[in-house]
There are 2 protein chains.
Amino acid sequence: MLSKERLIEFSDDARKNYLDHISIDCVVFGFHGGQMKVLLLKTPDEEKWYLPGGFVLKQEPIDDAATRILQERTGLDKIFLQQFRVFGDPDRSKFHNDLYRDMLPAGENWFSGRFLSIGYYALVDFFDVNPQPDQFSELCAWRDLDDMPELQLDHELIFKSALDTLRLQLNYQPIGYNLMPKDFTMPELQKLYETILDKKLDRRNFQRRVLAFGILTRADKPRKGGAHKAPYLYSFDLENYTNALTEGFKGGW
Amino acid sequence: MLSKERLIEFSDDARKNYLDHISIDCVVFGFHGGQMKVLLLKTPDEEKWYLPGGFVLKQEPIDDAATRILQERTGLDKIFLQQFRVFGDPDRSKFHNDLYRDMLPAGENWFSGRFLSIGYYALVDFFDVNPQPDQFSELCAWRDLDDMPELQLDHELIFKSALDTLRLQLNYQPIGYNLMPKDFTMPELQKLYETILDKKLDRRNFQRRVLAFGILTRADKPRKGGAHKAPYLYSFDLENYTNALTEGFKGGW
DNA sequence: ACAAAAGTGTTTGATATACACCCATGT
DNA sequence: ACATGGGTGTATATCAAACACTTTTGT
């Protein structure tokens, strides 16, 4: 929650620069330590969590806006982003409206009234991200998919909707390039799929199938140093990968 | 194109009732005579075609807005509608802006500036539709999918995007209930699939597959009167159909 | 030497594809 | 009787699922 002064300041600024009544909310997925993670923000003091989001500059394409917003939160400049749905329930802005109603007359408060939010989901490499809080938050941090706090506004819905979309995507698109480090082992990749799907997969069948996509190249040398048999390293064949992205493939897990 | 008077009138009205800078565009698919059809509007005089669309009332959920808009164009009150993408290129509104720039100062013209458009696609029963032009058009009519006129604005893109989405949907959802009449024959249903996919399918395999979905019931009596062997009539088992809609199924054509 | 992780292969069942024959009806 | 559209069945290839054994490596 902003102070009255900050709210006035922000409102003036926003009115000049942003499209009214439009916001963007992003569900940023990362993967680390065998866990799927989501990037969240927390308000100062209170334990109120929400999704990274922002607004659209008056002359900015919406995809650019989403990219810019996530740049600010993560430091990344190449982000795999996918628009997945608009959230346009008139009640969804109730939170902001209640919050600031007594502080500033609606005419002066840029947050007053109704906001439509465009939902994006992003897949990013956990290690490349340098989480930065925004002006409304004190903390920007990864949270495990299976240890999510309650989210403000309709962000719970937006998050679930993003996850559903991601699971669906998995059926007809390659996914992983944006989530995995450059080199990775087959069990690591499998873990990613298992986490997204929340389901165990057969090691051998997984390998056969994912190799059949033709989007992986195996390195000559296996990874050293593990406590057991050295696994092979793989990396994505970017040409085939992007090809598969546009072409799509059947499938179904 | 509106006259200056109509534009002023509309602008005043719109400012009162609609969300600013947001529009909805709908791609309405119908099926008749073995042809996939799209519902289009034509401006008076000029041969300018565009998609049915409209705006969102200030307190209206966006899905309701899309439903209302299509009610006005088709007379239908139960419509299968699916939001599929937001079109938010800042240049997409250039058309309107150029059109009315000299007629009215931007401050008075509600169409001035940038519009985001939420794309919906709809599947409707051809025979139930009673096409009604809107206030900007003189004609509302079905056009064959393979005989589409050039569309205004970015409606070409919106249309293509809707068609792509529909083709994708076909892979994991039942489609047809909203497009076919209550009773239909297997060859008729096959024609629908072939039209959507723009691809010939094997008669026998199609039948086996679509029956395996378990969403069809065969009537006892075949249709009479045809010039050849009487085909069986089928209808959708609504319970299983809606079930499959939410559950989804694998597939791939 | 053994436990734990990772590599690889085979068998079986299901599903997709391709294809051919029979039946009903109007002319 | 025949042309046309429509119903049905079967053989084959392809793919998914289930499952077991061997290799490597650190302790």
Side-chain angles (χ1 to χ4, degrees), chain A residues 33-34 167 170-172 174 176 180-181 183-195 197 199-235 244 247-253, chain B residues 33-35 167 170-174 176 180-181 183-195 197 199-235 244 247-253:
Chain A
R167 284 185 178 145
L170 215 55
N171 288 324
Y172 51 90
M180 301 298 288
D183 297 298
F184 50 89
T185 67
M186 196 53 81
E188 284 165 358
L189 184 62
Q190 181 177 344
K191 198 81 214 254
L192 171 64
Y193 273 71
E194 290 183 335
T195 317
L197 294 166
K199 172 157 79 169
K200 281 254 159 281
L201 300 172
D202 182 275
R203 206 157 51 89
R204 300 151 280 197
N205 294 334
F206 175 80
Q207 169 144 340
R208 194 188 356 258
R209 181 138 167 211
V210 79
L211 283 177
F213 293 161
I215 56 172
L216 294 178
T217 1
R218 186 162 93 171
D220 299 336
K221 300 276 153 214
R223 162 174 299 172
K224 297 287 174 86
H228 309 288
K229 175 165 184 176
Y232 285 102
L233 284 174
Y234 292 86
S235 57
E247 297 285 313
F249 43 65
K250 302 186 187 185
W253 300 89
Chain B
Q35 272 288 328
R167 284 186 178 143
L170 216 55
N171 288 324
Y172 52 90
Q173 282 200 350
M180 301 298 288
D183 297 297
F184 49 90
T185 67
M186 197 54 82
E188 283 164 358
L189 185 62
Q190 181 177 344
K191 197 81 216 257
L192 170 65
Y193 274 70
E194 290 183 337
T195 317
L197 294 165
K199 170 157 84 168
K200 280 254 158 282
L201 301 172
D202 183 275
R203 205 158 52 89
R204 301 151 280 199
N205 296 334
F206 175 80
Q207 170 144 343
R208 198 192 347 263
R209 181 138 166 209
V210 80
L211 283 177
F213 293 160
I215 55 171
L216 294 178
T217 2
R218 186 162 93 171
D220 299 336
K221 301 275 152 215
R223 162 175 299 173
K224 297 285 173 86
H228 309 288
K229 175 166 182 175
Y232 284 102
L233 284 174
Y234 290 88
S235 56
E247 298 285 313
F249 41 67
K250 302 184 186 187
W253 301 88

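All values reported here derive from a predicted model rather than from experimental measurement. Basis for what follows: all heavy atoms, side chains included, without hydrogens, waters or symmetry-related copies.
- Under the 30°/60° scheme for interplanar angles, the aromatic rings of B:Y172 and A:Y172 are found to lie parallel.
- Rounded to whole angstrom, the span from the CD atom of A:E188 across to the C1' atom of C:dA5 amounts to 12 Å.
- In terms of the ring-ring contact (aromatic ring centres under 6.0 Å, His included) criterion, A:Y234 has no residue partners (sequence neighbours excluded).
- Residues A:L211 and A:R218 are not in side-chain contact: their nearest non-hydrogen atoms beyond the backbone lie 4.5 Å or more apart.
- At distances below 3.5 Å, not a single donor-acceptor pair connects side-chain atoms of A:Q190 with backbone N or O atoms of A:Q207.
- Partners of B:Q35 according to the side-chain hydrogen bond (donor to acceptor under 3.5 Å, both in side chains) rule, which considers only residues two or more places apart in sequence or in another chain, are B:D146.
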Anything under 3.5 Å between a protein N or O and an N or O of nucleotides 10-15 of chain C, put it in a table, one pair a line.
residue : atom : partner : partner atom : Å
C:dT10  : O4   : A:R208  : NH1          : 3.4

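- Taking atom CZ of residue A:F206 and atom P of nucleotide D:dA18, one finds them 16 Å apart after rounding to whole Å.
- With rounding to whole Å, A:L211 atom CG is found 15 Å from D:dA16 atom C1'.
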What N/O pairs connect the protein and nucleotides 4-8 of chain D at under 3.5 Å? Give each pair on its own line.
residue : atom : partner : partner atom : Å
D:dT4   : O2   : B:H228  : ND1          : 2.7
D:dG7   : OP1  : B:Y232  : N            : 3.2
D:dG7   : N7   : B:R203  : NH1          : 2.7
D:dG7   : O6   : B:R203  : NH2          : 2.9
D:dT8   : OP1  : B:R218  : NH1          : 3.4
D:dT8   : OP2  : B:Q207  : NE2          : 3.4

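- Not counting sequence neighbours, the partners of B:D202 by the salt bridge (Lys or Arg N to Asp or Glu O under 4.0 Å) test are B:R204.
- Atom pair A:F213:CZ and D:dA16:C1' shows a separation of 12 Å (rounding to whole Å applied).
- One atom, NZ of B:K200, and another, P of C:dT17, lie 16 Å apart when rounded to the nearest Å.
- The side-chain contact (heavy atoms from CB on, under 4.5 Å) search around A:T195 returns A:F31, A:M36, A:K191, not counting sequence neighbours.
- In this structure the side chain of B:R167 never reaches within 4.5 angstrom of the side chain of B:L170, judged on heavy atoms.
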